[in-house]
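To start, the structure itself, in structure tokens.
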Amino acid sequence: MHARYLSKEIKEIEQQAQEYWGQQQSFKATPQEGRAKFYCLSMFPYPSGRLHMGHVRNYTIGDVIARFQRMQGKNVLQPMGWDAFGLPAENAALANGVPPAKWTYDNIDYMRRQLKSLGFAIDWTRELATCKPDYYKWNQWLFLRMLSEGIAYKKTGIVNWDPVDQTVLANEQVIDGRGWRTGALVEKREIPMYYLAITKYAEELLADLEKLPDWPERVRAMQANWIGKSVGVRFAFPYSVEGKRENLWVFTTRADTMMGVTFCAVAAEHPLATYVAARSPEIAAFVEECRRGTVMEADLATIEKKGIATGLTVTHPLTGEQIPVWIGNYVLMGYGEGAVMAVPAHDERDFHFATQYGLPIKQVIQVPGESFSVDRWQEWYADKTRGRCVNSGIYDGLDFGGAVNAIAADLKSKGLGDKQVMWRLRDWGISRQRYWGCPIPIIHCGACGDVPVPEEDLPVVLPEDCVPDGTGNPLNKRADFVNCRCPKCGKEARRETDTMDTFVDSSWYYARFCSLPVAAGRVDAMVTDESGYWMPVDQYIGGIEHAILHLLYSRFWWKVMRDLKLVRGDEPFERLLTQGMVLNEIFFRKPATGRIAYFNPSDVEFKLDEKGNRIGAILKSDGQAVDSGGIGTMSKSKNNGVDPQALIEQYGADTARLFMMFAAPPEMTLEWSDSGVQGAYRFLRRLWDFGLRLHREWFIGDAGVAPIRPQPPYDWSNASEAQKEIRRKLHGLLRQATDDINKKQFNTVVSAAMQMLNLLAGGFPGQSGDGWKEAETLGSVRQHILAEGTGILLRVLAPIVPHITHVLWQELQYSAEYGADILTAPWPQVDQAALEQASIEMVVQVNGKLRARVIVPAQASEEAVRAAALADEAVARHVEGKSVKKVVVVPGRLVNIVVAG
RNA sequence: GCCCGAGUGGCGGAAUUGGUAGACGCAAGGGACUUAAAAUCCCUCGAUCGCAAGGUCGUGCCGGUUCGAUUCCGGCCUCGGGCACCA
């Protein structure tokens, strides 16, 4: 056994444990019928280069859960893979000239080593990477199935266009409305794209949230809002143009305000806008202006609301009034009909627009007791729960529901509209004009049109030697990729060069992991029968930032696979844990001219006052002050990242894991703290020293004392009161740790373990002198408590710090009691008998304020407790001269005496 | 702008889910050991009044329900996540 717990020895300990697991193939998972399975999955990483702290946190949480489930006797699968397609690889290629494929594979190799050094209980035989043809073949295969099922289809979509580089930009590449490399003003451009009809599943995606009680409430709420079911009315404003009768269709959830319509607004891309733009340079200029800027909703929502009158009018379908039509930059073509009715009196956005352009405001809803004024917007104008119709002719006096029903019925009878369910959710555009992604398996033939690649020709393999240069998709320049023959007519044809959104890759990887061919290196099916054993994922763990898109797309994809009879079950993820982000302090200096310089927190030192309060910070290298920018997520741009590699090398994987688990509960943000890491390391060193002392007592012996390992069954019959108290505390802590690990509140599991060690390694009743050196009977109660308690402590810590507990478990020979391997040792049981107490302490309050504590027998009646409380001297002092109105007794906890006067 | 969270000592956080606010850890201060430093061990540690016993205040802010509120309700403020081409 090692003498010290220092970095050299940590490496040996961790290596010893990891080699043992490797030799035993401890983490290789195979289906075992009749045994409860547990599929524990953490969101797979993008191979960006090196692990970051978010990864370490994510995978440690998953690993703790996986290891705990093993100790519960479950058959556990925990796989790992790589979300390997994506934009950063192309950016790296731009910067270094390295092909994205090579960059990605190199990163995977490095990061795999890092993950292995952290000792995660991963079945590496199932590893996959989404950029490999045997994976993305099935993206293509399922896409073609969706195409034939009518779920995948083609239509135009709007993208960010950089006019200088002649390339499509991701939202991320648009900075303040300009291209990131060229600085050119970005334009919107319409191009043909493939879409997946996720809206066909909207109803089920919404309803099935009910089937996910073990998902965080907030994630379900976010998804429900995202899907955004609303019941409203779709109706038409008739109009004539060049003698032809047309309808301007709109959708509204506030049909009750329809009598207050004073104008309509259409999106700049709306056909009506295109029509008038062709006839008016002024309007064309406005439409052109709307085309500039990004397609990001967050930006669109905050831009200045602008509009222009088209000069056209439409007819109000109920009143026959002529309503002017405007073009508004805030109307989204992609949502609803691309046109809206405007009711300035009862919609805040319309109100401000009308005020700005001097359009009429007509009140048609009144809330009793309120007064309406066109000068100022008030919240109640839009309150559909309290209002009644006014100035609305035959609808006057109706409430929201009544008015909507009546108006919808009248529109229906005129053939101009009806009630309709509307979804906020839009179909999923998957075409990307980018190289490093899964090719869309379509061939464009001059004669036959868009022809799907025949199944036997899959996969369409992406060439791995392209180097993007920032001007469009390099695949377009690859004749060997583009030129092909039409599968239908055999004539020369062009291969589609768009690739798929990387969200496609991550929408089904969880199923691929538990598909036997992956493990066996076979590629002949998308998923196989083995998924029937492992799926659904019992526990999914990942960042809260994926709460909507990734999780919604995955749920959709799974339902499509289900409907294609590839898998069974309605939902892929049974339980979900969304971890918080990892934050660190931000320090910077802002020079009088030039850019802000950010400094890594490890290069900054604090100035403290005499109480230890921070009063400033200086840069270590020059001793000059730096400004604090508060706390933020670790990022390159803020230069506040901490490299996990340095941490692992200095303190070891167990310290990194322990700190991560102790610093905050999994769902909360975690603030980085160097001294917190040292605290974790200090604890492990104390644990090691404690183990070392036990080892000497049990197996080596001291002067005059022969070594004897205490053996079960342990015997408490001669325990003193003080020793019983130790066991009571120990089992109380075990009960707490067990509750907490089941709740996945790992920080308090660590806290309980720390208290256990304090209890066992601290002063100890039954020892004389300093205890460790003095002679004593090894069959003593004290030794039995130490043996029992250490066995409990090691198992409580095993999921969190697996290396050190593995070695101590073997060195202290717990194998004989609970099995050779702490990995599969049963989670310790609470001894209920140890928890029993003869007397308990109860808190006494007077009018809710703590005034005394009394010791009463555990079985004392309520009467007796009340009497004991009132008899207490301190209580008497506060009750004296006042009348007792009421006494509340909470059994086993407290007494509250309510007095008056 | 819209949707979803979070706010507790100098700091990270705990509180048996309506019942002792501040567990556990970090930082800080004091002491022991040491030639010294590191490491380790012991003590103190929300604010305030008081020699003390003890009192008062205190969980972002304002109000409410309750014998009792960090916990439940209403209204604000601040910070964080997402907003469909970052993953």
Side-chain angles (χ1 to χ4, degrees), chain A residues 43 45-46 48 83 85-88 91 157 159-160 168-174 216-219 221-222 224-226 228 295-303 330 334 348-349 424-426 428-429 431-434 501-503 506 543-550 552-553 578 580-581 583 606 608-614 630-633 662-665 667-680 682-683 685-686 689 735-736 739 745 747-748 750-755 758 841-845 847-850 853 874 877 885-888 890 893-894 896-898:
Chain A
M43 290 180 187
Y46 177 78
S48 55
D83 189 12
F85 276 136
L87 198 54
N91 293 343
V159 294
N160 300 307
V168 174
L169 297 179
N171 284 338
E172 187 191 52
Q173 297 171 316
V174 179
E217 183 61 45
R218 60 168 159 162
V219 174
M222 280 191 266
N225 287 328
W226 186 262
V295 300
M296 290 168 74
E297 200 189 325
D299 293 339
L300 294 173
T302 49
I303 52 169
Y330 65 95
E348 189 169 1
R349 198 173 47 187
R424 213 187 73 91
L425 184 67
R426 306 200 291 264
W428 174 15
S431 294
R432 297 291 180 270
Q433 297 68 45
R434 259 179 263 300
D501 181 3
T502 56
F503 274 123
S506 56
I544 183 68
E545 67 274 18
H546 297 292
I548 295 174
L549 291 180
H550 163 62
L552 194 65
Y553 291 150
T578 50
M581 323 242 332
L583 313 181
F606 301 117
L608 304 178
D609 66 12
E610 67 280 3
K611 279 182 152 182
N613 301 335
R614 256 160 63 171
I631 303 259
T633 54
F662 183 53
E667 311 230 54
M668 254 193 241
T669 54
L670 181 150
E671 279 179 46
W672 185 256
S673 155
D674 283 324
S675 51
V677 172
Q678 283 172 39
R682 196 147 45 215
F683 169 75
R685 201 160 53 196
R686 291 214 304 133
D689 286 349
R735 185 174 59 182
Q736 185 215 315
D739 288 350
Q745 186 172 299
N747 56 329
T748 49
V750 174
S751 162
M754 286 173 165
Q755 290 175 76
N758 289 344
E841 184 186 81
M842 286 184 75
V843 161
V844 186
Q845 299 179 331
N847 285 350
K849 282 186 199 240
L850 175 67
R853 294 157 205 273
R877 206 165 52 232
K885 285 173 63 182
K886 188 175 175 184
V887 178
V888 180
V890 182
R893 194 152 295 160
L894 60 71
N896 190 14
I897 299 162
V898 186

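Sequence lines set the chain letters: A, B, ... in the order given, protein chains first and strands last, and positions in each chain run from 1. Remember, predicted model here, so these are calculated numbers, not experimental data.
- Using modelled atom types, one finds no donor on one side chain facing an acceptor on the other under 3.5 Å when comparing Arg424(A) with Asn225(A).
- Taking only side-chain nitrogens and oxygens, Arg424(A) never comes nearer than 4.0 Å to OP1 or OP2 of rA84(B).
- rA38(B) sits 12 Å from rA28(B) when the P atoms are compared, rounded to a whole Å.
- Using N1 to N3 plus N6-O4 or O6-N4 for Watson-Crick, or N1-O2 and O6-N3 for G-U wobble, each under 3.5 Å, rU56(B) pairs with rA47(B).
- Here the closest non-hydrogen pair linking Leu552(A) and Trp226(A) is CD2-CD1, 3.5 Å.
- Only the P atoms considered, rC67(B) is 36 Å distant from rG12(B), to the nearest whole Å.
- For rC61(B), the paired nucleotide is rG75(B), the pair qualifying as Watson-Crick or G-U wobble because both relevant distances are below 3.5 Å.
- Using atom C1' as the reference point in both rA69(B) and rU8(B), the two lie 14 Å apart (nearest Å).
- Applying the 4.0 Å criterion to OP1 and OP2 of rA14(B), one finds that Asn747(A) has a side-chain N or O inside that range.
- Within 4.0 Å of Leu894(A), counting heavy atoms only, lies at least one base atom of the nucleic acid.
- As rounded to whole Å, 10 Å separates atom P of rG1(B) from atom CD of Glu348(A).
- Residue Asn225(A) places no side-chain atom within donor-acceptor reach of the base of rC3(B), judged by atom type and a 3.5 Å distance cut-off alone.
- Judged by Watson-Crick or G-U wobble contacts below 3.5 Å, the nucleotide rG19(B) has rC67(B) as its partner.
- Of the nucleotides present, none pairs with rA84(B) by Watson-Crick or G-U wobble criteria with both distances under 3.5 Å.
- For Arg893(A) and rU20(B), a side-chain-to-base donor-acceptor distance below 3.5 Å is absent, hydrogens and geometry of angles not being considered.
- Distance noted for atom C1' between rU16(B) and rG60(B): 26 Å (whole Å).
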